[in-house]
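First the structure, in the form of structure tokens, and then the observations on it.
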There are 2 protein chains.
Amino acid sequence: MARAGITADRLVAAAAELADEVGFEQVSLSALARRFGVKDASLHSHVRGLWDLRHRLALLAGGEMIDRIGVAVAGRSGRDALAAYADAYRAYALAHPGRYAATQIRVDPALVDADAPAMRRTVEITYGMLRGYGLAEPDLTDAVRLLRATFHGYCALEASGGFNAPRDVRASWDRAIDALHIALENWPREETDHHV
Amino acid sequence: MARAGITADRLVAAAAELADEVGFEQVSLSALARRFGVKDASLHSHVRGLWDLRHRLALLAGGEMIDRIGVAVAGRSGRDALAAYADAYRAYALAHPGRYAATQIRVDPALVDADAPAMRRTVEITYGMLRGYGLAEPDLTDAVRLLRATFHGYCALEASGGFNAPRDVRASWDRAIDALHIALENWPREETDHHV
DNA sequence: GACCGAAACCTAGAGCCCCTAGGATTCTGG
DNA sequence: CCAGAATCCTAGGGGCTCTAGGTTTCGGTC
């Protein structure tokens with residue numbers, strides 16, 4: 001009987017395609033095995049289980065995503081860099097919804113260290129993008145968290161059909177970037193002490 | 001044999017508790033049936049299936065959440081209203097992670113109309129909270145989207161352990177609210193036409 | 001108080017999923 | 001060419017959702 005020639009990498013690649021087609025949650029070892037013309041039990045020799053597969057998929061997608069963002073941001077600074085970062089982020093999330101969802105899973109820190117480069121590049125590129133605004137810690141961390149939250153929230157809501165109003169989402173997105181740029185330029189100084 | 005006295009409402013209430021304990025994705029009809037000392041097939045007479053249960057849970061949680069936000073926002077305006085809204089939002093998401101996750105599922109618009117009050121109150125309260133900033137459409141919609149995205153993104157990332165830096169999340173959150181307030185007060189006017 | 005219809009709950013069973021254990025086949029390197 | 005390792009298989013346990021159809025219990029009515 002001819003062999004299917006399955007590799008962990010080919011498995012993850014197929015999982016990525018499947019995730020973009022039917023959604024991250026719907027990716028199953030059974031469906032994957034079916035796609036390879038193989039019994040589902042056979043996959044357990046390449047991958048430790050569904051969790052392992054999802055974890056690998058998260059690393060793949062995270063790497064792909066930060067690569068594109070890195071390219072988009074390269075050579076830009078200030079508002080241009082922010083807009084390029086944001087647009088690349090959203091473009092990836094919309095083009096690869098399943099992969100993007102994979103990047104959001106909670107990931108074991110111990111395993112991350114093993115394949116850390118993508119993670120490290122992500123923080124490097126993100127903090128680098130903010131360089132022009134002249135922020136120092138802890139404001140830098142606060143700003144990064146604000147940006148991550150806004151970008152992720154926007155893409156998550158858009159992907160799940162949360163924006164019903166008849167207003168073009170792309171236009172709203174551009175205004176959100178403008179608003180964030182303004183917030184970064186006028187970053188709140190410590191003196192203002194509201195919120196009990 | 002004594003009866004368990006199951007109602008659709010009691011079922012949803014139990015599902016809410018279970019969701020907060022083990023996570024929204026882990027809520028199963030089987031587990032629920034076990035909790036009521038009943039066979040899982042019996043639940044299908046009260047609820048149309050897992051999807052129906054999740055849908056009802058989403059409506060319950062959405063109602064609870066907007067109630068608390070409404071109370072927090074009442075009698076406040078401007079920055080105070082924004083901070084109260086944001087804090088009530090995050091407090092609910094952190095106190096009831098499973099319920100909060102339920103509010104994020106894609107929900108059939110046809111069914112929403114049937115139980116629309118919570119949904120309508122949500123937009124009323126949200127738009128009302130922004131009244132002080134003097135925005136008009138489409139900027140209002142853009143601002144609402146920005147706020148929703150940031151709030152949701154923040155809570156989602158925090159809940160999934162996405163904030164690793166040794167910086168107090170609550171402090172970052174306060175700065176994010178400050179930043180949003182600044183962005184709303186200096187809302188970008190149409191003339192600025194960046195982003196290709 | 002007995003009855004009757006409507007709930008509430010049950011068993012049985014199909015279908016899908018994940019995963020383990022151990023057997024058979026195919027590749028591959030010495 | 002021939003081990004040994006890698007690949008794929010069958011067998012089977014356990015969990016989940018959901019349908020179909022049977023019993024039992026409850027509440028109201030005569």
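Per chain, numbering begins at 1; letters A, B, ... match sequence-line order.
- With rounding to whole Å, R54(B) atom CZ is found 11 Å from dC16(D) atom C1'.
- Proximity of residues 27-52 of chain B to DNA chain D (heavy atom under 4.0 angstrom from any strand atom) is restricted to S28(B), L29(B), S30(B), R34(B), D40(B), A41(B), H44(B), G49(B), L50(B).
- Ring orientation note: the planes of Y92(B) and H96(B) are tilted relative to one another, at an angle of 30° to 60°.
- One atom, CG of L11(A), and another, P of dT7(D), lie 12 Å apart when rounded to the nearest Å.
- Here the rule is side chain to side chain contact (heavy atoms under 4.5 Å, CB included) with L147(B), and of D142(B), I177(B), L82(B) only L82(B) fits it.
- Ring geometry for W173(B) against F151(B) counts as tilted: the plane angle lies between 30° and 60°, on a 0 to 90° scale.
- Separating the CZ atom of R10(B) from the C1' atom of dA8(C) is a distance of 13 Å, rounded to the nearest angstrom.
- Side-chain contact between L57(A) and L53(A): absent, with no pair of heavy atoms (C-beta onward) separated by less than 4.5 Å.
- No close placement of the Y154(A) and H152(B) rings is indicated, their centers lying 6.0 Å or farther apart.
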